[in-house]
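Structure, as structure tokens:
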Amino acid sequence: MQQRKSGRPSGTDGSDFSYRMVVDSRYTEVAKGKSRLGTLLKTQIVVQLMGLICMVQLIANGKAMNKFAVSSSAAGSYSLLIGEFGRRRSKVGLLRLYIYISSIALLLSIYCSITSNSTLEAIWNMRDWQKKKFELAESLVLLFGSLVQIITISTVLSLIGNMSPPKKAS
């Protein structure tokens, strides 16, 4: 094997640059998207944990456990696992499944919040804010989680678009 003595390969004067391969921009976009999605998934994990803490505090204070809230929490946790596997392995099908399941979990959480009279009473009645602080914290977690979910969906859709091979002109 011939060893290189200079930075340029032997047999070229550098004028063959137009024939060299260039990395397609969508690959760099996929790398950036996967990194951003990883950060968003970690943020969703924190939101999920904060929601679980609020739910445990409400149960400890004598509130009944809502089966939709538990279902939403379980679906959210399951969707985060699917999303992480899809992100790590670049699987478009898993990323689409993540979008569906995490959106269902968010809609279940919103439904629980809307049907809970104590949350709405705590928001409208300013005198009871001290008594209803966990309901308010749960509502704030839900709002923040909704915002993160919207950003995550747009990131995943962009990532899926960059992962899919470009359409060939016929």
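Counting begins at 1 with the first residue of the sequence.
When each of Ser72, Cys112, Ser71, Ser113 is tested with Asn66 by the rule side chain to side chain contact (heavy atoms under 4.5 Å, CB included), just one qualifies, namely Cys112.
Atom CD of Glu84 sits about 12.0 Å away from atom OG of Ser79, to the nearest 0.5 Å. Of the inter-residue distances, the one linking Met50 atom CE with Phe144 atom CZ reads 6.5 Å to the nearest 0.5 angstrom. Rounding to the nearest 0.5 Å gives a distance of 9.5 Å between OG of Ser103 and CD1 of Ile110. A distance of 8.0 Å separates CD1 in Ile45 from CG in Leu81, rounded to the nearest 0.5 Å.
Under the 4.5 Å side-chain heavy-atom criterion for ILVMFWY residues, no single connected hydrophobic cluster contains both Tyr78 and Val46. Hydrophobic clustering (side-chain heavy atoms under 4.5 Å, transitive across Ile, Leu, Val, Met, Phe, Trp, Tyr) groups Leu159 together with Ile82. Using a 4.5 Å cut-off between side-chain heavy atoms of Ile, Leu, Val, Met, Phe, Trp and Tyr, with links allowed through other members, Val30 and Leu40 fall into different hydrophobic clusters. The hydrophobic clustering, which links ILVMFWY residues whose side-chain heavy atoms are closer than 4.5 Å, places Met55 and Val141 apart. Side-chain heavy atoms closer than 4.5 Å link hydrophobic residues (I, L, V, M, F, W, Y) into clusters, and following such links, even through other members, never connects Leu107 to Leu142.
Listed here is the closest heavy atom pair of Cys54 and Glu138: SG-N, 3.9 Å. When all heavy atoms are compared, the tightest approach of Ser102 to Gln149 is OG-NE2, 2.8 Å. Considering every non-hydrogen atom in both Leu106 and Ser146, the closest pair reads CD1-OG, 3.4 Å. Considering every non-hydrogen atom in both Gly86 and Leu94, the closest pair reads CA-CB, 3.7 Å. Closest approach of Leu95 to Gly83, counting heavy atoms only: CD2-O, 3.9 Å. Between Leu52 and Ser73, the shortest heavy-atom contact is CD2-OG, 2.9 Å.
Remark: the backbone N or O of Ala31 is not paired with any side-chain donor or acceptor of Ser35 at under 3.5 angstrom. In terms of modelled atom types and a separation under 3.5 Å, the side chain of Ser164 and the main chain of Gly161 share no donor-acceptor contact.
Other members of the cluster containing Phe68 are Ile104, Leu108, Tyr111, with ILVMFWY side chains joined at under 4.5 Å, either directly or via other members.
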Got a list of side-chain donor-acceptor pairs under 3.5 Å for residues 150-157, not counting sequence neighbours?
residue : atom : partner : partner atom : Å
Thr152  : OG1  : Val148  : O            : 2.7
Ser154  : OG   : Ile151  : O            : 2.8
Thr155  : OG1  : Ile151  : O            : 2.9

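Screening residues 25-46 for salt bridge (charged side-chain N to carboxylate O under 4.0 Å, His left out) gives Asp24-Arg26 as the qualifying pairs, with residues at least two apart or on separate chains.
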